[in-house]
Colleague: 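Structure provided below as structure tokens; questions to follow.
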Amino acid sequence: MISTTGNAPPPAAPSGPATDLMLTVNEARERILAHFSPLPSEHVPILDALGRVLAEDVIAPNDVPPFDNSAMDGYAVRAADVQAASDDRPVMLAVLGELPAGATTEQPVAANTCYRILTGAPLPPGADSIVPYELTDGVAFGGWHGAAEAATAIVAQRAVRVFKAVKYDDNVRHAGEDQRQGDTILARGTVIRPAEVGVLGSLGRTSVAVVQRPRVAILSTGDEVVEIDRPLAPGLIRNANSYSLAALVRWYGGEPLMLGIAADTVESLRELLWRGQRADMIVTTGGVSMGDYDVVKNILAHDGDVSFWSIDMRPGKPVAFGTLLDVPFIGLPGNPVSTMVGFEILVRPALLTLAGHTRLAKTSIRARAAHRISNRSGRENYMRAIVSRDGDEWVAHLTGEQGSGILTSMHRANGLVVVPRQTTRIEQGESVQVLMLDWPSME
Ligand code: AMP
Ligand code: MG
């Protein structure tokens, strides 16, 4: 069923210097970012910290490794004892016993004695270096086969011949050589990657303070938009945008809050938007262009604060920004590509700021244009492109038809070629800037 209430003309949008202004993309982004700062922190299990921003300095409670240990399978010796060892004149050492990883001993390595030792086992007292077993006549250690046989041989082994000298400290890993007790190992603001999860584990941390995940309320608007599980009827289209937006929110570390689809009436929009109050940001799609049914900006003007609603960019010129019920509000246009590109360029940096990130720019590379590119829009144009490798350079092919309704162009693309507003034509072979859609931020 199609609501007709949206046909009533919405209240006239207020005009004035601040709202009539057509901002550049950078100006718009700066205005938006001025409204955002990092959220408070919460404690989460270390694995759940993946991709999030550390909200505490992590200090080593002990040395890592906690003790001097062997870096090789071999014999723990006193280097001085084997100084003269050679193939012709091996040095014979008495084997005091075996130290697998996890074993310790109090008995010191005295002159001309040694311990058989495995990688990671603590260095026994008195020993100062490790002779790898390859430099001895010692029995090979377990490996894939024969562990039991080797173990029997070890028990039987009373002495070993060493064929080569080692230097003091050879093959010894020192306590604290990775992390020193009391040092700040991970600083607040660090983005947690798999390596940082491992480091936290090595420090015995089970949970850690990270910046909270931003909650982003998502509302689609339009009398013609129906939920994706509803049958289509003439004139209706499926609500793709709530899903692409929610996916982008998740992709960049936020929590989407689906508010549904509002009809093009002030009442319907108001009712659903009110539910966005508990979010850290509200993002809407549709209802911000110049058409008669575009009521989003009017709600913003009457119930909140409008900062601007026009940006010198394509796709996505009509973008409303302001606050509604004190929650920052970004109204993106309804065309599915405009929605996604608008999110990447304007919402993503705000979301990342809330989540505590400081690297906000998308990774950008220089690529060679595979063909001529025209920009008749007179605006900063973000064109969907496929970037691939050609020898030692990147080459950018546009995905074809750049209409802002062609959502599959986003599916085909891995980058957005940025064509500056003054540039009307880029010739084949010229260098272009490309924002990579799915590369992690590097700067
Ligand atoms: P609007 O910005 O409301 O004028 O919408 C521009 C175009 O985007 C129209 O063709 C809408 O039908 C389409 N559109 C609006 N909202 C959505 C949505 N949630 N999912 C898919 N297409 C939409
Ligand atoms: Mg609409």
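Quick caveat: nothing in here was measured; it's all calculated off a predicted structure. Reckoned from all heavy atoms, side chains included, excluding hydrogens, waters and symmetry mates. We count ligands from 1, going down the list as the structure has it; atoms in each ligand are counted the same way.
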Colleague: Taking both backbone and side-chain atoms of E224, is any N or O found less than 3.5 Å from an N or O belonging to ligand 1?
Modeller: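 Indeed, backbone or side chain, E224 has an N or O that close.
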Colleague: Closest by any non-hydrogen atom to atom 7 (C) of ligand 1: pick that one out of V288, D264, N335.
Modeller: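 Considering heavy atoms of V288, D264, N335, the nearest to atom 7 (C) of ligand 1 sits in N335.
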Colleague: Quick one: which ligand 1 atoms are inside 4.0 Å of a heavy atom on S220?
Modeller: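 Atoms satisfying the 4.0 Å criterion: 19 (N).
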Colleague: Are K317 and S310 packed together at the side-chain level, in the sense that at least one heavy-atom pair is separated by less than 4.5 angstrom?
Modeller: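 Yes, at least one pair of side-chain atoms sits under 4.5 Å.
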Colleague: Tell me the nearest of G287, S338, P333 to atom 1 (P) of ligand 1, using heavy-atom distances.
Modeller: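 It is G287 that holds the nearest heavy atom.
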Colleague: Would you say N241 and ligand 1 have an N/O pair spaced under 3.5 Å apart?
Modeller: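 Such a contact does occur with ligand 1.
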Colleague: At a non-hydrogen distance cut-off of under 4.0 Å, which region of V225 contacts ligand 1 (side chain, backbone, both, or neither)?
Modeller: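 The side chain, only.
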Colleague: Are side-chain heavy atoms of H371 and H397 found at a separation under 4.5 Å?
Modeller: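 Yes. Closest side-chain heavy atoms under 4.5 Å.
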Colleague: Using a strict 4.0 Å cut-off to heavy atoms of T221, name the atoms of ligand 1 that fall inside it.
Modeller: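 Listed by number with element, the hits are 16 (N).
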Colleague: Can you give each donor-acceptor pair under 3.5 Å made by side-chain atoms of residues 33-47, sequence neighbours left out, with the distance rounded to 0.1 Å?
Modeller:
residue: H35; atom: ND1; partner: R31; partner atom: O; Å: 3.2
residue: E42; atom: OE2; partner: R52; partner atom: NH2; Å: 2.5

Colleague: For E56, what residues pass the side chain to side chain donor-acceptor pair (under 3.5 Å) criterion, not counting sequence neighbours?
Modeller: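 Side chain to side chain donor-acceptor pair (under 3.5 Å) check on E56 returns R205.
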Colleague: For R173, does the CZ atom have more than 12 heavy-atom neighbours from other residues, nucleotides or ligands under 6.0 Å away?
Modeller: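 Correct, the count exceeds 12.
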Colleague: Can you sort out which atoms of ligand 1 are near R238, meaning under 4.0 Å from one of its heavy atoms?
Modeller: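 In order of number, 20 (N), 21 (C).
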Colleague: On the six-membered ring of W394, is R389 placed so that its NZ or CZ lies under 6.0 angstrom from the centre and within 45° of the ring axis?
Modeller: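 Satisfied, under 6.0 Å and within 45°.
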